[in-house]
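Have a look at the structure below, then the notes.
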Amino acid sequence: MHPWNQALRQRLMRTPEHLPHAILLSGPPGIGKQALALDMAQGLLCTASDAQGVACGHCQGCHWFTQTTHPDFRLIEPEVDEETGKQRPEIRIEQVRDLVDFFALTAHQRGWRIAVIAPAERLNMAAANGLLKTLEEPPPRSLLILISHHPRRLPATVRSRCQQVAVSIPSRSEALDWLVAHAVPIAQVAALLDEAGGAPLAALALYGDTARSERRSRCLVALAGLRPEALLDLAAGKDFLVETHGWLRRWLHDLISQILTGQCHFFSSQRADLERLAARADLARLLALQARLDSDARILTHPLNAPLLMEGWFIDYVDCFS
Ligand SMILES: [Zn+2]
């Protein structure tokens with residue numbers, strides 16, 4: 001449970017008996033929505049929680065909860081495919097059927113039955129439909145918490161049956177303090193937080209991903225140095241397509257805004273490079289490449305040929321400068 005979600009938690013848990021039966025926690029990834037949902041669930045299932053509904057951490061309920069064996073709690077996530085070892089793209093109807101059965105049973109402890117679905121936009125259509133009846137006629141003392149990074153992707157029938165609660169991105173100073181407290185070097189926190197769109201957990205994950213951060217440095221050095229061979233080298237590996245797209249897009253954004261307003265937003269530590277490049281860039285070409293990247297965003301998850309796609313971006317990029 002993260003400090004910036006504390007106030008929201010208190011508001012939601014003030015009168016547990018008045019909690020709605022279904023809550024949709026929405027907000028960008030990496031701001032602790034799932035931790036908030038789990039914390040609320042543990043607080044409700046704890047047999048010795050305090051006046052604010054904070055779990056004691058010692059009772060049988062807490063013990064079961066932390067061991068993920070609490071009989072009155074379910075966490076529904078996309079299953080891991082045993083063959084590939086990867087998470088399946090969807091939450092399947094079978095998982096929802098089990099959940100419906102779970103809610104139909106009588107609770108073992110104190111009466112609450114709680115389930116968290118994360119992320120809810122991964123429910124496939126059949127699974128979402130399978131959930132409707134439970135959302136419509138929930139058994140007493142049941143709570144279903146849906147977590148969503150993209151609530152608009154949920155069917156309106158599901159959304160409308162939930163109480164929507166927006167979880168916000170923490171203030172910048174709060175996020176920076178938290179990252180420093182989690183051993184991220186001060187010199188890197190601001191850049192990581194920018195790249196993560198202000199989401200602290202996402203920034204922390206970026207910091208832990210060394211392959212990605214090495215790749216990012218290589219990419220930025222090649223973009224700043226306008227080195228075609230280094231750029232084509234980056235394009236040759238088909239990995240990091242989505243990331244490369246993101247870095248180039250933000251780099252272009254900063255170049256264009258450097259030209260138009262003299263400001264940069266994402267790469268302030270590389271202001272000198274951006275100023276130097278902006279002075280010799282062709283604005284129309286930069287804008288054309290930006291439009292191309294926007295349109296290519298749609299095919300990133302299933303590109304026909306990732307290296308060719310990246311090569312095209314980089315060739316256009318080098319052409320922007322005289
Ligand atoms: Zn407890």
Side-chain angles (χ1 to χ4, degrees), residues 1-27 29-80 91 95-96 98-120 131 134-135 138-149 162-168 170 174-175 177-178 181-183 199-201 204-205:
M1 174 67 196
H2 304 94
W4 56 85
N5 287 331
Q6 209 63 255
L8 175 60
R9 182 198 191 281
Q10 272 174 18
R11 211 167 67 231
L12 287 168
M13 295 286 281
R14 194 168 294 145
T15 45
E17 64 275 20
H18 294 145
L19 272 172
H21 293 291
I23 297 175
L24 172 57
L25 287 181
S26 63
I31 57 170
K33 298 188 296 298
Q34 185 159 335
L36 170 63
L38 295 179
D39 192 82
M40 286 172 59
Q42 187 178 353
L44 292 168
L45 293 168
C46 171
T47 51
S49 57
D50 70 11
Q52 276 76 47
V54 176
C56 73
H58 308 293
C59 70
Q60 182 68 65
C62 283
H63 177 71
W64 279 332
F65 193 88
T66 49
Q67 301 291 309
T68 68
T69 55
H70 201 296
D72 296 326
F73 178 76
R74 293 284 186 278
L75 173 61
I76 308 293
E77 296 173 294
E79 291 166 327
V80 173
I91 295 174
Q95 294 174 269
V96 168
D98 289 344
L99 189 64
V100 170
D101 291 345
F102 161 76
F103 275 118
L105 293 169
T106 317
H108 291 76
Q109 310 288 318
R110 273 186 75 189
W112 281 99
R113 292 188 84 72
I114 304 172
V116 172
I117 300 183
L131 203 59
T134 304
L135 287 171
R141 284 174 86 71
S142 61
L143 174 62
L144 184 57
I145 305 179
L146 279 70
I147 290 172
S148 179
H149 313 313
C162 300
Q163 165 124 19
Q164 293 202 42
V165 176
V167 183
S168 325
E174 207 168 9
D177 287 349
W178 185 84
H182 282 76
L201 307 188
L204 189 61

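Both ligands and their constituent atoms are indexed starting at 1 by order of listing. Excluded from the calculations below are hydrogen atoms, water molecules and symmetry mates; all remaining heavy atoms, backbone and side chain alike, are included.
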Practice item. Tell me, with the steps shown, if Gln34 and Glu77 meet side chain to side chain contact (heavy atoms under 4.5 Å, CB included). Key: CA-CA 11 Å; Gln34 185 159 335; Glu77 296 173 294; 3.6 Å; yes

Point to revise | Distance below 2.8 Å from the Zn ion (ligand 1): protein N/O/S atoms | key: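 Counting only protein N, O or S atoms under 2.8 Å from the Zn ion (ligand 1), the list reads Cys46 SG, Cys56 SG, Cys59 SG, Cys62 SG.
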
Point to revise | Sub-4.5 Å side-chain heavy-atom contact between Leu19 and Trp112 | key: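 They are in side-chain contact.
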
Check your understanding: Okay, side chain of Arg74, backbone of Leu99: is any donor-acceptor separation there less than 3.5 Å?
Key ->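 Checking the backbone N and O of Leu99 against the side chain of Arg74, no donor-acceptor pair under 3.5 Å is found.
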
Review point. For Ile31, does its backbone N or O pair with a side-chain atom of Trp4 as donor and acceptor, under 3.5 Å?
Key: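 Looks like yes, one N/O pair under 3.5 Å.
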
Point to revise | Residue pair Thr134 / Phe103: nearest heavy atoms and the distance that separates them | key: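 Result for this residue pair: CG2-CD1, 3.8 Å.
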
Check your understanding: At what distance, to the nearest 0.5 angstrom, does CG of Leu25 lie from CG of Asn5?
Key ->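 Spacing of CG (Leu25) from CG (Asn5) equals 8.5 Å.
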
